[in-house]
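A short write-up of the structure that comes next.
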Amino acid sequence: MSAVTQAKPLFKTVRRHNAEGGQGWAALLFLAPTLLGFAAFYIYPSVRGVWLSFTDWNLLSEPEFVGLGNYAELAGDPLFWRSLLLTGYNTVLNLAGQLSLALLVAALMHRLTKSVVLRATLLLPWLVPNVATALLWLWLLDANLGFVNQLLDAMGLPTHGFFNSPGEAMPSIAAVTTWASVGYVALLLYAGMLQIPEQVYEAAAMDGAGEVRTFFRITLPLLRPVLALVLVVSVIGCFQIFDTIAVTTKGGPINATKVIYYYIYQEAFTHFRMGYAAAMALTLVLIMGALTYLQMRLMRASNSDLG
Amino acid sequence: MRAGRIAAWTVMGLAVLVTVFPFYWMVRTALTDASHLFSDNFSLIPEHFTWANFKRVLGLSTITEAQAAGGSGASLDFVLYLRNSIVYTAVVVVVQTLSCAMAGYALARLRFRGREMVFAVFVSALMIPPIFTLLPNFALVRNLGLLNTFAGLVAPILLMTPFTVFFLRQFFLSLPREVEEAAVIDGAGLWSVFWRVALPMSKGPLITIALINGVWTWKDYLWPLLVGQEEDSRVLTVALGVFLQQSPNARPDWTGLMAGSTLSVIPVLLLLLVFGKRLANSLQFTGIK
């Protein structure tokens, strides 16, 4: 990230603005709305969130300080650990599906066509509200009358419970979110592939490398910075899955899809245990921060082989 | 090589089919008479074609008509929810883009103490998962008495998101300075340089970030679910969730639900028709929400 890029001030030739500390007052006015929003809805809730995680609070009475009580309870809460495992499970399923399919689609697009219509079509599922996507697939994957089961039945294959089956619910949800985001991820990867200089491919073709070999030896390695970014973004997205589950399974059947986001939501807004929910949310912040850091390190994201 | 290309196009065609077919099935279900939904299951066109499902979710038919068309008879007013969604999205997009453009401009062009620090703090806020600030924000909005109001709905993202500031600051940095410097020499003040010179030169990126934020706001579910439960502030996504809950568990009102879902897709489709090229070409910027 070029966060450290120095922003050179404009108006450096204008004396009256530069008298003392530069253009402090003007800057304050320009930044005022943003700083207000940031203070009220980012800083204040962050501080309050940390404080809440040390309290017991049902939204009605005053928060009661309980020290590390919530965290002690968290450590011994099997549902919490299970929700983390389920979140990890969903993430692994999504990444496997999303990345491999998106890579395939992006590579094909890269070699076949620059069509904007095609790209816009592939983007459609990502633009649609997750709630609508979830409803649509709830219908398509309906255990009795859904299109998919009808199709399976017509082909003489066994039908499935999908969202109704504890074993299939999580993979079904992962499949739905994969369907919704493959096009988007493919377009991100495609944009990265366009950055690879054409000469590299010409050289490979001259040396007689086939398409598959070119993909694995050239495209994939040179795509690493983009892949790293996509991976980080996908993992962050997978950790925050909520809408699809809230519509289709509500964490069921028998807690089979109670991922961390949904568990936090339930504790906070169904059971009104704001303190406990805040403790879980803060733990999630730490886990996600550590994961992002690790991924960036492992993928050496900022180094491109293109130099 | 020829066989390879055919195979590649076949896979591509399959990808398009898998992408588009579910939407087709959504519309096809929405246009099917509810009482015949389960009998002609495989026909690609709706054999018992009807507009009744759209009529009743839009609140255009009487309760008996709605029940006859397979509904539960609970009041549905997707005209209102559609309007709420549009207002919610439009207000957020316009105000947030403008406010963040001002901030991005100051962070890119003005000289003041603490500038790099302010920017670093904004960037680090990109890493906070929304659920962490969501709980206290809900408590705040509730304490302010803003539950079930538009003010409460837009509050957390109205003035800024760290990503929008980041995006626009990076853009202003890349903008050549000469035009602005010329305006300064001509005696233009800070505000008019920003408003008359810098903003008009930034139309493209402003539209891009507005589109990205528009899509996110349109898709938004969790926050509106908490803050906009009542009809007057209920957006489309929340309305769809409520609709599903009202619909009997044993036999969900699929034709109505698909009609409602179709309504939430139509604006997206229009957006894609108008801005498809820009969206498809500007995706690399949307990495971080």
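Hydrogens, waters and symmetry mates play no part in the numbers below; they use all other heavy atoms, side chains included. Per chain, numbering begins at 1; letters A, B, ... match sequence-line order.
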Need one label for A:K250: side chain, backbone, both or neither, based on atoms under 4.5 Å from any heavy atom in chain B. side chain
When A:P33, A:A277, A:G192, A:A32 are compared by non-hydrogen pairs under 4.5 Å with chain B, the top option: A:P33
Counting heavy-atom pairs under 4.5 angstrom with chain A, the leader among B:F172, B:F23, B:W254 is B:W254
Only pairs of heavy atoms separated by less than 4.5 Å count here; which of B:V16, B:L134, B:V20, B:L225 has the most with chain A? B:L225
Within the supplied structure, the quantity of interest is the number of heavy atoms (other residues, nucleotides, ligands) at a distance under 6.0 Å from B:Y24 OH; does it exceed 12? yes
Would you call B:F138 and B:L147 a side-chain contact if the rule is heavy atoms closer than 4.5 Å? yes
Does A:R48 have any salt bridge (charged side-chain N to carboxylate O under 4.0 Å, His left out) partners at least two apart in sequence or in another chain, and if so, which? none
Is the distance between the ring centroids of A:Y44 and A:W51 under 6.0 Å? no
When heavy-atom pairs shorter than 4.5 Å are enumerated against chain A, which of B:S99, B:P22, B:G276, B:G104 gives the highest number? B:P22
Contacting region of A:L112 [heavy-atom separation from chain B under 4.5 Å]: both
Between B:L257, B:T262, B:T29, who has the most heavy-atom pairs with chain A when the cutoff is under 4.5 Å? B:T29
Under 4.5 Å heavy-atom distance to chain B, tell me which part of A:V230 shows up: side chain, backbone, both or neither. neither
So which part of A:Y190 gets closer than 4.5 Å to some heavy atom of chain B, the side chain, the backbone, both or neither? neither
Winner by heavy-atom pair count (cut-off under 4.5 Å) against chain B, out of A:L52, A:T121, A:L282, A:L284: A:L282
Under 4.5 Å to a heavy atom of chain B? For A:L104 that would be side chain
With chain B as the partner, which of A:I236, A:L151, A:L194 has the greatest number of non-hydrogen pairs under 4.5 Å? A:L151
May I ask you to decide if the ring planes of A:F38 and B:F122 are parallel, tilted or perpendicular, using 30° and 60° as cut-offs? perpendicular
Between B:M258 and chain A, with a heavy-atom cut-off of 4.5 Å, which part of the residue counts as in contact: side chain, backbone, both or neither? side chain
Is the CE atom of B:M117 crowded by more than 12 outside heavy atoms at less than 6.0 Å? no
One option among A:A281, A:P129, A:A40, A:G37 has the most heavy-atom pairs under 4.5 Å with chain B, and it is A:P129
So, the part of A:W57 with a heavy atom under 4.5 Å from chain B: the answer is side chain
When only pairs under 4.5 Å are counted, which of A:A180, A:S46, A:G183, A:A268 shares the most heavy-atom pairs with chain B? A:S46
For A:Y42, is it the side chain, the backbone, both or neither that has a heavy atom under 4.5 Å from a heavy atom of chain B? both
Part of A:F269 lying under 4.5 Å from any heavy atom of chain B: side chain
With chain B, the option among A:T133, A:L140, A:L29, A:L124 that has the most non-hydrogen atom pairs under 4.5 Å is A:L124
Centroid separation B:W191 to A:F30 less than 6.0 Å: yes
Under 4.5 Å heavy-atom distance to chain B, tell me which part of A:T292 shows up: side chain, backbone, both or neither. side chain
For the pair A:F242 and A:Y265, name the ring-plane relationship: parallel under 30°, tilted 30 to 60°, perpendicular over 60°. perpendicular
For A:W126 and A:Y184, take the angle between the two ring planes, folded into 0 to 90°, and tell me which bin it lands in: parallel under 30, tilted 30 to 60, perpendicular over 60. parallel
Per-residue tally against chain A (heavy atom, under 4.5 Å) across B:Q96, B:M127, B:R142 peaks at B:R142
Under a 4.5 Å cutoff for heavy-atom pairs, which residue among B:L135, B:L98, B:I128 has the most contacts with chain A? B:L135
Bottom line for A:L135: the part with an atom under 4.5 Å from chain B's heavy atoms is both
Given a strict heavy-atom distance threshold of 4.5 Å, which part of A:A154 is in contact with chain B: side chain, backbone, both, or neither? side chain
Would you please test B:F243 and B:Y81 for ring-ring contact (aromatic ring centres under 6.0 Å, His included) and show each step? CA-CA 12 Å; B:F243 188 8; B:Y81 313 141; 9.3 Å; no
Partners of B:W223 by ring pair (Phe, Tyr, Trp, His ring centres under 6.0 Å), sequence neighbours excluded? none
Considering only heavy atoms from C-beta outward, does the side chain of B:F119 approach that of B:F166 to under 4.5 Å? yes
